[in-house]
Every structure is written in C-alpha cells, then in structure tokens.
Amino acid sequence: MKKVFKRCFKMLTLLTTSSFLLLSAPENVVKAAGSGSVYCQLANDQYIRTATAVLTTTVNLSSAQQIYLQSDGRVYPGGTEDCARMRIYVDDNPVGSDSLIDWRSSRNDAQHSYNCIAALTLPAGNHKIVLMAIPLAGSFSVGAKSNLSVMTDITVSMQAAQTTGDSAVFDFTTYGIAPPEPIPHTPLLSLNVNNASGPIIALSSGRAYYTRGGDMMLGIYKNGMALPTDQGVWSVNDGFDGCERQAPMYNHAYMNAVGNQTITLDASEIPWPVNSENLGENPARFQVGAGTTLVVLNGEMAVSGSAPQSTSVNDCWNWRNIGTGTGEAVAIASSIVHIPSGHNGVVMFQAKTRFQGDISDSGGNGFLWLNIDGVDVGSVGVQGIINGAGNSQRTACASYLSAGSGALTPGNHVVTVYAKAQGSFAHLCTSTDVPLIWFDGQSGSPEVGNNILSNPGFEDGLTSWAGSSASLQLDTANKAEGNYGCRVYNRTALNSLAYQDIRSQLLAGGQGGYSISAWAKLASGSDNAFIEVYITDSSGGHRYIVSSSTLSSDSFTKVEGTMHITWNGTLQGASLYLLTQTSTSDLYLDNFHMSKY
C-alpha cells in the first residue's frame with residue numbers, strides 16, 4: 001500500500017483576538033479568521049481497515065477562542081458489506097457532526113461525498129485536532145484531497161446546536177406539490193439570532209437512514225419558511241437498497257436579514273414530480289441520526305458572500321444540465337472575491353450541489369470542485385451513480401480554507417465551482433440552489449468603493465430612473481435617509497419596477513466584480529426581494545443576481561451582495577433594478593449603491 005502523504009498550511013501563531021475581549025488592531029490591518037488557522041488535505045487515497053487518524057494538526061491558542069472546524073471529502077467501499085464513519089476529534093474527544101455512509105445490504109455500492117462540521121470555544125493552549133476514519137463494518141478508502149480545515153479566532157457571533165439522539169420516524173405526504181407551494185417539514189434543530197447587520201450564515205451536517213425507501217431531504221429554514229434558492233441549498237439522498245442504507249446530509253445558507261430571526265434545520269422529503277413517469281407519492285420513511293449539527297454565524301464581516309444562480313421558492317427541481325459523461329468541466333457558479341488591503345487572506349469557501357441522473361443512465365461519477373484564479377483547490381466531491389439507480393438523487397460537497405501558504409493576497413480573485421459528468425449519462429444535472437458561499441468569520445465591514453450610479457438616493461428627483469410597467473413618484477415620508485425616497489406603484493406584475501440604465505457605467509468600469517446594495521420596504525405585507533442586473537451582448541441576454549433579503553412594511557431593509565459581471569463581444573444594454581418574488585404591493589426604494597472592486 002502506498003505511503004500516504006499529508007500537507008498542512010499553517011500560519012505562524014501570533015497574538016490573536018479573543019472572542020470575549022476585543023483588542024485594537026493596528027491601522028490598515030483588516031482582521032480575518034485567526035492567523036493560527038490551518039488547512040490540511042490528503043495527497044493520496046488511504047485504505048481504512050481499522051480506526052485511523054487520516055489528518056492531524058495542532059493549534060496553539062494564546063487566549064480562549066471560538067473555533068470552526070470542517071472536513072469535506074469522499075469515501076468509497078472496500079468490499080460489499082461496508083460501513084464508513086468520518087468524525088473530527090479535538091483533544092481525543094469527538095466533536096460536531098457524525099458523517100456515516102452505510103453500504104450494507106446495498107445492491108449498488110458507490111463512492112460518496114462526506115461532510116463534518118463543528119463549532120466550539122477552546123481555552124488557551126495547545127490543542128490536537130484529528131480527522132478520524134472509522135470502519136464500522138468491512139473496510140473503505142478515503143479519497144485524495146479529503147481535507148481538514150481549522151478556523152481560529154472567530155469573532156462574529158457563532159452558535160451551534162446538535163441532536164443528542166436519533167429522531168422520530170418521518171413520513172411526509174408530498175404528492176402533487178409543486179413550486180411555490182410549501183413542502184411539509186418538521187424542525188430538528190433551532191437557533192435564535194439577533195442580527196444587527198451583516199449576513200447570517202447557516203451550516204448543517206448530519207446523517208439520515210431509511211426505514212422505507214424514498215428520497216430523504218433536509219433544509220435550512222428562517223422563521224418557519226423555506227429559503228429561496230438564492231439563499232439556501234437543499235440536501236437530498238435517495239435511500240433504498242439500490243443506494244445507501246444511511247448517508248451524510250449537509251446544507252449551507254447565506255441570508256441578508258437583520259433583527260430577531262429563528263434559524264432551523266428541518267426534515268422533509270422531496271416531492272416526486274407529476275409527469276410522464278408518474279412515480280406517485282415519495283414513499284420515504286426515515287430518521288435523522290444523533291450528532292446532526294447546525295452552526296450559525298452572523299454579523300458584519302470584511303469578506304463574505306454568495307453566488308446565487310436562481311431565485312425560486314420551495315423549488316427542489318431547479319436543474320442545470322452538465323453533460324452526458326464526456327468529462328467536460330462545467331462552471332456552475334462563479335464570483336470575484338475581493339480581499340481588502342491588510343487582510344490576512346484566510347477565507348472559507350464552500351460548494352454544494354445535488355446530482356440528478358436519469359433512470360436510463362448506465363452510470364459513472366459526478367464530480368464537484370473549487371477553482372481559484374485558474375487553479376483547482378480544496379477537496380473534491382464525488383457521487384458514484386450505478387446502472388439501475390441512475391435517477392437516484394444525492395448531494396455532493398467541496399471546500400477550501402485559504403490559510404498559511406495558501407492565504408489569498410489582497411485584491412480580486414476569481415472563484416469558480418466546477419462540476420462534471422464522467423461516464424455514460426442521458427443528461428446528468430446539478431441543482432441551481434446557491435452552490436457557493438464564502439466567509440472569513442471575523443468582525444469587520446466590507447470595503448466599499450465609489451458609487452458609480454447616477455442619482456442613487458433620488459435627491460435629484462427621478463433623474464436617471466424610469467418605470468417599467470409601473471409608475472414612479474418622489475416620496476418625502478418613506479425614505480431611508482436624506483430628503484427623498486422613490487415610491488414604485490401601479491405594480492401589476494413582479495416585473496413592475498424602477499430601473500436605471502447602467503451600460504455606460506459598466507463600459508467605463510469594465511468586466512469584473514461589483515458590490516451592489518439598496519434600501520427598500522413594502523407598503524404592505526412582506527416578501528423576499530433581490531437586486532438584478534440584466535445585460536444584453538453579442539450572445540443574448542444574461543441575468544446577474546444577489547442573495548435576497550426579506551422586506552416588510554415596518555422599516556427599510558438593506559438588500560446587498562456582489563456580482564461577477566461579464567459579457568461576450570459588444571455590451572448592447574444593461575439595466576439595474578430591484579425585484580420582489582411574490583408581492584405586487586407598492587415598493588419604496590432609496591440609497592442604491594454600485595461600485596467596482
């Protein structure tokens with residue numbers, strides 16, 4: 001057996017900021033996840049026959065600190081009756097989620113992605129952190145590039161909740177449900193967040209096993225409502241004797257929301273579509289295992305964001321075709337991530353998607369990975385798909401922590417999530433619910449450039465703004481600040497909006513990363529809203545969106561995010577506007593901002 005080599009990126013241990021005592025940072029220094037942060041990954045596959053520490057590192061903390069831990073990778077069976085467990089240990093104690101893949105009694109043993117997370121506070125001193133691979137039955141292999149990330153000195157608010165035992169049996173009825181109709185769900189874990197500003201980032205990881213076959217599903221919810229696809233990713237695993245008896249399930253979410261919010265991890269099932277296959281009711285009956293974990297971080301961060309690809313609600317069937325198995329890499333999400341001057345370059349990047357094949361597929365593998373500035377980085381998510389279970393849906397993951405010698409330099413970096421189909425498929429698909437998020441975990445404000453918009457706060461009347469299927473009016477009572485806001489009324493459809501032509505600004509600024517924000521509220525009710533830039537070029541029309549925020553009629557809410565705007569050939573037109581998802585109530589707008597970074 002080959003000797004397995006491991007690599008760790010670790011920065012020199014410096015005086016770090018305690019999560020309890022904030023110290024003054026030197027001028028022009030932007031704090032980020034601690035300088036003791038570590039990234040390790042396997043260089044080669046490792047065969048596991050007994051409990052094995054596959055990755056080990058130590059951190060030396062100068063003070064008590066909040067620590068975030070994550071491991072992503074892939075495992076595959078060594079025989080026919082195997083069961084694999086992946087778990088993170090700190091100072092010889094298991095922490096966080098329990099990732100378990102049980103191939104016993106399966107007719108189709110296939111390679112599978114795994115994910116482990118943990119959030120805890122550690123005292124000052126040396127701490128040993130280990131990724132353990134444990135065969136509960138038979139043997140298995142841990143794939144090359146499987147990783148272990150240690151983010152030290154998290155200073156934004158961070159909470160965690162964990163199930164202490166297996167859940168009750170879930171058995172939902174979902175036949176005939178289609179977007180945007182809500183899907184039945186039951187909370188497993190709950191955390192209350194009071195967020196003054198900045199994003200709310202939720203991460204979950206656990207395991208589920210079936211007692212009757214079907215598609216099991218977990219999702220992150222906010223205030224009892226499913227997140228739209230621009231904010232959160234669903235996790236689905238088909239459980240029956242053609243797949244795994246038990247499998248890891250994991251989610252991430254990036255939300256712009258302030259005030260008191262209840263974030264939950266909920267169990268559900270994916271509604272089978274009513275189409276020509278006429279599959280009927282999803283018969284899934286399942287339980288969620290002990291150790292399932294929900295982590296929530298919130299607050300202003302110097303570096304954080306997401307790359308949403310769609311904006312639908314209660315939509316589990318939002319697909320992108322990635323090919324027939326030729327192995328061509330397909331970019332399923334991309335963004336420019338800006339590292340401000342003085343930042344230490346430590347940022348966590350996470351990619352997740354669901355693979356969906358066809359019943360006629362002969363099979364192969366679906367791959368998922370991250371790329372920064374043209375170089376593949378981090379773990380590789382793999383889902384094996386075997387003939388006879390071609391239409392079985394599963395979730396894959398990949399991650400990378402840019403720490404140590406891999407820390408990002410100040411400036412702009414192009415981050416891309418790639419997927420590919422290798423094998424024989426009719427049309428392997430990935431889901432479009434937000435595939436990419438990133439964060440540095442440190443309190444701080446994002447760098448803001450010069451505003452390129454004309455009359456962004458309506459202080460010069462309605463100059464530079466126009467209505468599309470709507471009327472515009474200056475408003476002195478409903479404004480975020482200054483003397484005026486803009487009322488958008490006579491809204492008869494979701495595309496009834498106020499817009500600004502920004503072609504000249506984009507031509508002047510050029511292709512690349514843009515930070516965009518606006519303040520908005522509704523005249524009545526509540527709804528999700530997002531900012532969109534629509535461009536036309538030599539190849540057609542293209543949409544760019546930012547993660548949505550929930551508007552109310554009580555006060556103005558900030559909608560913000562980043563975009564990586566590109567065009568082919570000639571830029572023929574470009575418009576910026578704010579859209580609601582379901583409401584046609586009057587809309588109040590103020591203080592738009594768009595800057596190049």
Side-chain angles (χ1 to χ4, degrees), residues 33 68 70 115 117 119 151 154 156-159 191 193 195 197-205 218-223 225-235 250-258 261-265 294-313 315 318 332-338 347-353 370 395 397-401 415-417 431-442 444 446 513 515-517 528-532 544-550 557-564 581:
Y68 177 73
Q70 182 163 327
N115 168 266
I117 64 173
M151 294 183 77
I154 301 294
V156 295
S157 175
M158 183 170 69
Q159 305 178 65
L191 289 170
V193 175
N195 192 40
S197 62
I200 298 174
I201 296 168
L203 309 160
S204 71
S205 179
L218 299 183
I220 293 172
Y221 284 65
K222 183 182 71 176
N223 302 327
M225 304 292 290
L227 297 177
T229 55
D230 61 275
Q231 293 186 20
V233 61
W234 300 97
S235 182
Y250 30 82
N251 309 74
H252 67 220
Y254 187 95
M255 298 162 272
N256 289 310
V258 295
Q261 312 289 337
T262 300
I263 310 300
T264 60
L265 174 66
L294 173 65
V295 175
V296 175
L297 302 93
N298 69 281
E300 288 278 11
M301 303 182 205
V303 179
S304 71
S306 63
Q309 304 296 301
S310 60
T311 59
S312 50
V313 180
D315 187 1
N318 47 323
I332 64 171
S334 183
S335 185
I336 290 181
V337 175
H338 180 70
V347 182
M348 169 63 80
F349 298 91
Q350 308 216 10
K352 294 181 179 67
T353 195
L370 285 154
T395 309
C397 56
S399 68
Y400 176 65
L401 179 66
V415 181
T416 306
V417 179
S431 57
T432 63
D433 29 350
V434 63
L436 171 64
I437 67 169
W438 62 91
F439 58 92
D440 66 359
Q442 192 72 24
S515 176
I516 299 180
S517 63
N528 291 318
F530 56 93
I531 301 171
E532 179 171 300
Y544 297 92
I545 58 176
V546 301
S547 179
S548 62
S549 297
T550 302
T557 298
K558 190 177 185 181
V559 184
E560 61 183 332
T562 59
M563 297 179 180
H564 181 195
Q581 275 184 326

Asker: Has the side chain of S517 got a donor or acceptor atom that lies under 3.5 Å from a matching backbone atom of E560?
Answerer: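 No: the side chain of S517 does not pair with the backbone of E560.
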Asker: Under 3.5 Å, side chain of Q581 to main-chain N/O of T311, donor-acceptor pair present?
Answerer: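 The answer is yes, because a donor-acceptor pair under 3.5 Å joins these two groups.
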Asker: Using a 3.5 Å distance criterion without hydrogens, assess whether the side chain of D440 forms a donor-acceptor pair with backbone atoms of V303.
Answerer: yes
Asker: Please lay out, stage by stage, how V296 and I200 fare under the test side-chain contact (heavy atoms from CB on, under 4.5 Å).
Answerer: CA-CA 7 Å; V296 175; I200 298 174; 3.7 Å; yes
Asker: Evaluate the side-chain proximity of T550 to K222: yes if any heavy-atom separation is below 4.5 Å, no if none is.
Answerer: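 Yes - at least one pair of side-chain heavy atoms lies under 4.5 Å apart.
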Asker: Looking only at heavy atoms, what is the nearest atom pair of S334 and T416, with distance?
Answerer: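 Where S334 meets T416 most closely, the heavy atoms are OG-OG1, 3.2 Å.
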Asker: I need the Q309 CD to I545 CD1 distance, nearest 0.5 Å.
Answerer: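 Reported to 0.5 Å precision, the distance equals 7.0 Å.
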Asker: Under a 3.5 Å distance rule, please check whether D433 uses its side chain to pair with a backbone N or O of W234 as donor and acceptor.
Answerer: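 Checked: pair present.
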Asker: Can you check side-chain contact (heavy atoms from CB on, under 4.5 Å) on L203 and Y68, steps first, answer last?
Answerer: CA-CA 11 Å; L203 309 160; Y68 177 73; 3.2 Å; yes
Asker: Would you give the length of the straight line joining atom CD of Q350 to atom CD1 of I201, rounded to the nearest 0.5 angstrom?
Answerer: 9.0 Å
Asker: Indicate yes or no for a side-chain donor-acceptor contact from S306 to the backbone of I437 under 3.5 Å, with no hydrogens or angles considered.
Answerer: no
Asker: Show the numbers, then the answer: is there a side-chain contact (heavy atoms from CB on, under 4.5 Å) between N256 and T557?
Answerer: CA-CA 9 Å; N256 289 310; T557 298; over 6 Å; no
Asker: So among L191, V295, L297, L294, which one has a side-chain contact (heavy atoms from CB on, under 4.5 Å) with Q159?
Answerer: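 Looking at L191, V295, L297, L294, the match for Q159 under the side-chain contact (heavy atoms from CB on, under 4.5 Å) is L191.
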Asker: Mind checking the OG-NE2 spacing from S235 to H252? Nearest 0.5 Å is all I need.
Answerer: 11.0 Å
Asker: Looking at S548 and D230, what are the two nearest heavy atoms and their distance?
Answerer: N-OD2, 2.5 Å
Asker: Can a donor-acceptor pair be found between the side chains of N251 and S204 at a distance below 3.5 Å?
Answerer: yes
Asker: Do you know the tightest heavy-atom contact between I531 and V559?
Answerer: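 That closest heavy-atom pairing would be CD1-O, 3.5 Å.
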Asker: Measuring from atom CD of Q231 to atom CD1 of I220, what distance do you get when rounded to the nearest 0.5 angstrom?
Answerer: 11.0 Å
Asker: Less than 4.5 Å apart, side chain to side chain, heavy atoms only: is that true for L370 and V417?
Answerer: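 They are in side-chain contact.
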Asker: So do the side chains of V415 and S335 get within less than 4.5 Å of each other, counting heavy atoms only?
Answerer: no
Asker: Would a distance-only check, ignoring hydrogens and angles, find a side-chain to backbone donor-acceptor pair under 3.5 Å from H564 to A333?
Answerer: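 Here the side-chain-to-backbone pair does not exist.
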Asker: Rounded to the nearest 0.5 Å, what separation is found between the SG atom of C397 and the CD1 atom of I117?
Answerer: 11.0 Å
Asker: Given the rule in the side-chain contact (heavy atoms from CB on, under 4.5 Å) test, do F439 and M151 qualify, once you have shown the distances and angles that lead to the verdict?
Answerer: CA-CA 11 Å; F439 58 92; M151 294 183 77; 3.9 Å; yes
Asker: For Q261 versus N223, what's the shortest heavy-atom pair and its separation?
Answerer: OE1-ND2, 2.7 Å
Asker: Quick one: does any side-chain atom of Y254 pair with a main-chain N or O of P308 as donor and acceptor, under 3.5 Å?
Answerer: no
Asker: Should the pair F349 and Y400 be assigned to parallel (<30°), tilted (30 to 60°) or perpendicular (>60°) ring geometry?
Answerer: parallel
Asker: Which heavy atom of V337 sits nearest to which heavy atom of W438, and what is that distance?
Answerer: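 Where V337 meets W438 most closely, the heavy atoms are CG2-CE2, 3.5 Å.
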Asker: Using every non-hydrogen atom in the two residues, find where T229 and N318 come nearest and quote the distance to one decimal.
Answerer: CG2-ND2, 3.5 Å
Asker: Rounded to the nearest 0.5 Å, what separates atom CG in L227 from atom CE in M255?
Answerer: 5.5 Å
